There are 2 protein chains.
Amino acid sequence: MQSGESNPLREKLNREMRSGLYALFILKAVEELGDTYGYEIVKYIEERSGGRIKLRDATVYPILRYFTKRRVLESYWTEPDVGLPRKYYRLTPDGRRFLKELFEDYRDLKSVAERILEGDGR
Amino acid sequence: MQSGESNPLREKLNREMRSGLYALFILKAVEELGDTYGYEIVKYIEERSGGRIKLRDATVYPILRYFTKRRVLESYWTEPDVGLPRKYYRLTPDGRRFLKELFEDYRDLKSVAERILEGDGR
DNA sequence: CGGACTGCATAACGCTGTTAGGTATATAAC
DNA sequence: GTTATATACCTAACAGCGTTATGCAGTCCG
């Protein structure tokens, strides 16, 4: 994208690698930002990744609703005097624990991937 | 699985995180093993990951064919005097270059994930 | 008044891995 | 001899995901 890539197969596999981390990125963003909303999450991840991860809103909003349904997040609407209504999200206590577990899994996967791909630990 | 996990949501997100790396794991296995075949790839990855990554054959064989169609891999059958016929795969020259690129992308994603999740580099 | 940015939502689509089968040989256990 | 396990490959049906495309709507700038 920013580098002159144009290999469709490479881009496809890149998307696949990234997409598995979206849910974790979003939860982490909510943890970092405190009470926050979809659009801000997208911007936060984009900025944090140096512009390398650009989530679509059609990716983020369903994930937020999905987590809300499962009590990982909770949400509420605000009606500001000026501007559009916003739907805010924050981690529930269960969600906080869940994010910790998921983060451990991520670390574990990282070490497994390093073993397979970079020959560490053997 | 081996640890007493039984949180379906956690398992689902774990699967998603892992699945994005399958193609890369398989290509890396072919690079490491030289001429090799599906069953051996599954065992190699399982052993290399300390039993944490167990690919299904129904996952691996379609991926091998997919890469073969795109000239990343090439394949040939062997008819041993004893045992079952095997379909061997190896990297093509293009495939070798492609794997290098993909490996760079993986390293890049890893660093981006660390920036977002572990607060490195900021 | 038009464009860019903000802010949320849903439907249709394509692509993946999973699940669940099928076929087949070799070997060890009972 | 028959069952179980390991080896070795394949395909079809399904569920789930992100992408694409589209809609609505307020704010701000030129």
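Every chain is numbered from 1 and lettered A, B, ... according to where its sequence line falls, protein lines coming before strand lines. Owing to the predicted nature of the structure, the values given are computational and were not obtained by experimental measurement.
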Hey, what are the protein-to-nucleotides 23-27 of chain C N/O distances that come in under 3.5 Å?
none

What's touching nucleotides 10-13 of chain D from the protein side, N or O pairs under 3.5 Å?
residue, atom, partner, partner atom, Å
D:dC10, OP1, B:K87, NZ, 3.2
D:dC10, N4, B:D57, OD2, 3.4
D:dT11, OP2, B:R65, NH1, 2.9
D:dT11, OP2, B:R65, NH2, 3.2

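In this structure, the side chain of B:N14 engages the main chain of B:R10 through a donor-acceptor pair within 3.5 Å.
Contacts of A:L13 with the nucleic acid, taken as non-hydrogen atoms under 4.0 Å apart, are absent.
Between B:L64 atom CG and D:dA8 atom C1' the separation is 13 Å, expressed in whole Å. C:dC15 atom P lies 21 Å from atom OH of B:Y22, rounded to whole Å. In this structure, the NZ atom of A:K69 is 10 Å from the P atom of D:dG16, given to the nearest Å.
The phosphate of D:dC9 (OP1 or OP2) has no side-chain N or O of B:Y37 nearer than 4.0 angstrom. Phosphate proximity of D:dT20 to A:R56: present, with a side-chain N or O under 4.0 Å from OP1 or OP2. Of the side-chain N and O atoms in A:R15, none sit less than 4.0 angstrom from OP1 or OP2 of D:dT19.
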Indicate every side-chain donor-acceptor pair of residues 16-25 of chain B with a distance under 3.5 Å to a residue at least two apart or in another chain.
residue, atom, partner, partner atom, Å
B:E16, OE2, B:K12, NZ, 3.1
B:S19, OG, B:R15, O, 3.2
B:S19, OG, B:E16, O, 3.1

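Counting only heavy atoms from C-beta outward, the side chains of A:L73 and A:T92 never approach each other to under 4.5 Å.
Taken from OH in A:Y76 to OG1 in A:T68, the straight-line distance is 12.0 Å, to the nearest 0.5 Å.
Note on A:K43 versus A:E47: no salt bridge recorded, every NZ/NE/NH1/NH2 to OD/OE distance being 4.0 Å or above.
Side chain to side chain, A:R90 and A:Y88 fail the donor-acceptor criterion of an N or O pair below 3.5 Å.
Taking each heavy atom of B:L64 and B:G38 in turn, the nearest pair found is CD1-CA, 3.9 Å.
A cation-pi contact links B:R70 to B:Y66, judged by a cut-off of 6.0 Å to the six-membered ring centre and 45° from its axis.
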